[in-house]
Protein chains: 2
Amino acid sequence: MITIQDVAKAAGVSVATVSRVLNNHPSVSEKTREKVQRTIDQLNYQPNLLGRNLRRSETKMILVLLQNIANPFYSKIVKGMEDVGYKNGYHIMICNTDSDPIKENAYLKLLKNRLVDGVVFMAPVISDEELTEISKNYCVVQCCEYKEFADVSSVSIDNEAAAYKATQHLISQGHRRIGLINGNSGIISESQREKGYKRALQEAGIEIDSQLIMYDSYGYRGGQRAAKYFLSIDKRPTAIFAVSDIIAIGAIKEIKEKGLSVPKDMAVVGFDDTGIASMYDPPLTTVAQPRYDLGRVTMEIMLERIRNNEAESKRVFLEHSLIIRESTVG
Amino acid sequence: MITIQDVAKAAGVSVATVSRVLNNHPSVSEKTREKVQRTIDQLNYQPNLLGRNLRRSETKMILVLLQNIANPFYSKIVKGMEDVGYKNGYHIMICNTDSDPIKENAYLKLLKNRLVDGVVFMAPVISDEELTEISKNYCVVQCCEYKEFADVSSVSIDNEAAAYKATQHLISQGHRRIGLINGNSGIISESQREKGYKRALQEAGIEIDSQLIMYDSYGYRGGQRAAKYFLSIDKRPTAIFAVSDIIAIGAIKEIKEKGLSVPKDMAVVGFDDTGIASMYDPPLTTVAQPRYDLGRVTMEIMLERIRNNEAESKRVFLEHSLIIRESTVG
DNA sequence: AGGTCATATGTAACCCATTACATAGGAGGA
DNA sequence: TCCTCCTATGTAATGGGTTACATATGACCT
């Protein structure tokens, strides 16, 4: 392996000068710079970042902890983070936690052991207090899901307002019995979306019927199960608001399988506007999150925090929008 | 920051002894070990991995280069890699290349700069020669897609045989005019699958009609465009083999939109058995790859190579299977 | 000429953990 | 008692950069 020493010797200068050339330090004469650069090129020298990282005590790596990359919701968010990181010389490291606290903890070691300069939590399972504590010593930002009582920056949409808008849309289509298929993993968006759903009903003078609120796992099967239940009850709903596209699609599949039509017999709204929403049959009405920007802003806040460790934590909410497609409008 | 020096001082031993305790070196007396461990716990000392990495010249990180994590095909593969890596103390770093040679090259710097111990290519854009060259000095494995003439280990399925089987299935359903929707990105699976498609036709005594072979970008739109074309030509095909599920779904959407039925008017086969295949309406007949195992085996070969740098490169082919659903069978 | 100052470069400490080698101290045998 | 050998521990070199500080060189001024 070629080291800075080898380059220094070959170029007839000291390692300090080579280092200065590598880092574009101004106090190197043009002549020397050229000579050193030529030697670097000749030897095809690549600085060993392990040495640099140790000395600088930084790695220019950001860890992104998400539940599972299988979730199509994440891809554009990660893209936003990557683009901003890349521009600033940072690399992104994506890791699946499977919402397993043990795994999450294992990855947090990378932070504590200085192998990454910061961590983005997409769905923290750690407690509010621990998260706040970690944030005192390390750079942490939350994206989309966040811990309400943790004093740690977060970037998300206003889930309550988004759910309110989605439910209102169903009401405006004449629906009075509207089912909610919520997740059951205890993340903050669930309770916020339920609040928005309830507020829309209340404001429209519709009584909240706990029979119409189902909790199941995120995913296709959860949607199928919930829809099956809704179709089985006495006064079945005429519309469903599902807190994710995949849940909504599971529900639609179930409804169609029963020989019913979407949206005529049952309207369905999803959430996230993942790729499948527009591809499905019928195309899905859904709440679009500004995914790229969620990632972009998250990374901007992260870099700000890395540069100024004293930066105050903040909550940022980005705009969402309701995308109306054929699953709710005949 | 607490260093090994602090621990040594507090415990009244040398740094060497602390290091030995950290690394479970046998030549430490039980008494000393306990004393040091107590101090470590008391100070909540976390070894700085930057120091360790520099000294050991390894980072226990593996870089996985894929085109884009948005592709649902990857998630289980990555899971397989992670599980094996995790068990062996390795972390996985996922990076999107967008098939951009510049980005790919930038990430390869992480390898050359020693920031990762190895690289998995899921879709190399680099040339066969360069790849072979890199593999001489660094640990590299290819997964799913690979460079045919690069002397670098790879793990994949037999794409030719899989496409042969898929096409044969359509033939067995009585189809004689079978369209192929292939990708146009030049990866090896494209030509292999086309070969398999052609072989199945030839063996069944069906003439190959170049009118029935379309090349478009991977993705929903590509599928739609190709289907639109197939529906417009004179002697339209009665079945389509698409080289990815998303392409197939784009095609189905287009077919249904024209008021035709799948599979009655047009049967469709996809590839990969991604989640959407079973969720779609109709559920999609597709070729399932052993995705978890592809990842698992890839990582096993990687670790083998890391441990024994002299290990020979090899090509591993895992079993695939055709999953028949309603998009081809009434 | 002598002094001041800026520029360019070198020397060596430093980041933190690992480990080869050295050594102290105790056990056991002659 | 003296010697050998083993165990436990310490000392210091090491990995590859970065950078504070020291110094050499030369320009410019009086």
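First the proteins, then the strands, lettered A, B, ... as listed; each starts at 1.
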Any side-chain heavy-atom pair of A:Q142 and A:L131 under 4.5 Å: yes
Qualifying side-chain hydrogen bond (donor to acceptor under 3.5 Å, both in side chains) pairs, either residue in residues 109-122 of chain B, two or more places apart: B:T59-B:D117
Pairs meeting criterion side-chain hydrogen bond (donor to acceptor under 3.5 Å, both in side chains) with involvement of residues 26-36 of chain B, two or more places apart: B:H25-B:S27, B:S29-B:T32
Residues which pass salt bridge (Lys or Arg N to Asp or Glu O under 4.0 Å) with B:K136, listed by chain and number, not counting sequence neighbours: B:E133
Distance-only check: which donor-acceptor pairs under 3.5 Å involve side-chain atoms of residues 45-57 of chain A, not counting sequence neighbours?
| residue | atom | partner | partner atom | Å |
| --- | --- | --- | --- | --- |
| A:N48 | OD1 | A:L50 | N | 2.7 |
| A:N53 | ND2 | A:L49 | O | 3.2 |

Could you tell me whether A:K103 sits above the aromatic face of B:Y86, with NZ or CZ closer than 6.0 angstrom to the six-membered ring centre and within 45 degrees of the axis? yes
For A:Y107, which residues count as a ring-ring contact (aromatic ring centres under 6.0 Å, His included) partner, sequence neighbours excluded? B:H91
If we only count heavy atoms from C-beta on, is the B:E190 to B:Y218 side-chain gap below 4.5 Å? yes
Angle by which the axis turns from one end of the helix from C:dA1-D:dT30 to C:dA30-D:dT1 to the other, five pairs per end, to 10 degrees: 60°
Could you name each residue pair satisfying side-chain hydrogen bond (donor to acceptor under 3.5 Å, both in side chains) that touches residues 298-307 of chain A, not counting sequence neighbours? A:N88-A:R307, A:S135-A:R305, A:R296-A:E300, A:E304-A:K314, A:R305-A:N309
Under the rule for side chain to side chain contact (heavy atoms under 4.5 Å, CB included), what residues qualify as partners of A:I69, not counting sequence neighbours? A:L66, A:I94, A:N96, B:S75, B:V78, B:I94
Check nucleotides 16-19 of chain D against the protein and report each pair of N or O atoms closer than 3.5 Å, with its distance, or say if there are none.
| residue | atom | partner | partner atom | Å |
| --- | --- | --- | --- | --- |
| D:dG16 | N2 | A:G51 | O | 3.2 |
| D:dG17 | OP1 | A:Y45 | OH | 3.0 |
| D:dG17 | OP1 | A:N48 | N | 3.0 |
| D:dG17 | OP2 | A:I4 | N | 2.7 |
| D:dG17 | OP2 | A:Y45 | OH | 3.3 |
| D:dG17 | O5' | A:Y45 | OH | 3.0 |
| D:dG17 | O5' | A:N48 | N | 3.4 |
| D:dT18 | OP1 | A:N23 | ND2 | 3.4 |
| D:dT18 | OP1 | A:R52 | NE | 2.5 |
| D:dT18 | OP1 | A:R52 | NH2 | 3.1 |
| D:dT18 | OP2 | A:S19 | OG | 2.8 |
| D:dT18 | OP2 | A:N23 | ND2 | 3.2 |
| D:dT18 | O2 | A:R55 | NH1 | 3.0 |

Could you verify whether a donor N or O on one side chain and an acceptor N or O on the other, from A:S313 and A:D151, lie under 3.5 Å apart? yes
Could you tell me from which nucleotide to which nucleotide of DNA chain C, 5' to 3', there is an atom under 4.0 Å from chain B heavy atoms? C:dC16 to C:dA20
Side-chain polar contacts of residues 5-16 of chain B - donor-acceptor pairs under 3.5 angstrom, sequence neighbours left out - could you list them?
| residue | atom | partner | partner atom | Å |
| --- | --- | --- | --- | --- |
| B:D6 | OD2 | B:T3 | N | 2.8 |
| B:S14 | OG | B:A16 | N | 3.4 |
| B:S14 | OG | B:T17 | N | 3.4 |
| B:S14 | OG | B:T17 | OG1 | 3.4 |

Pull out every residue in residues 29-36 of chain B that has a heavy atom closer than 4.0 Å to any atom of DNA chain D, ordered by number, or say none. B:S29, B:T32
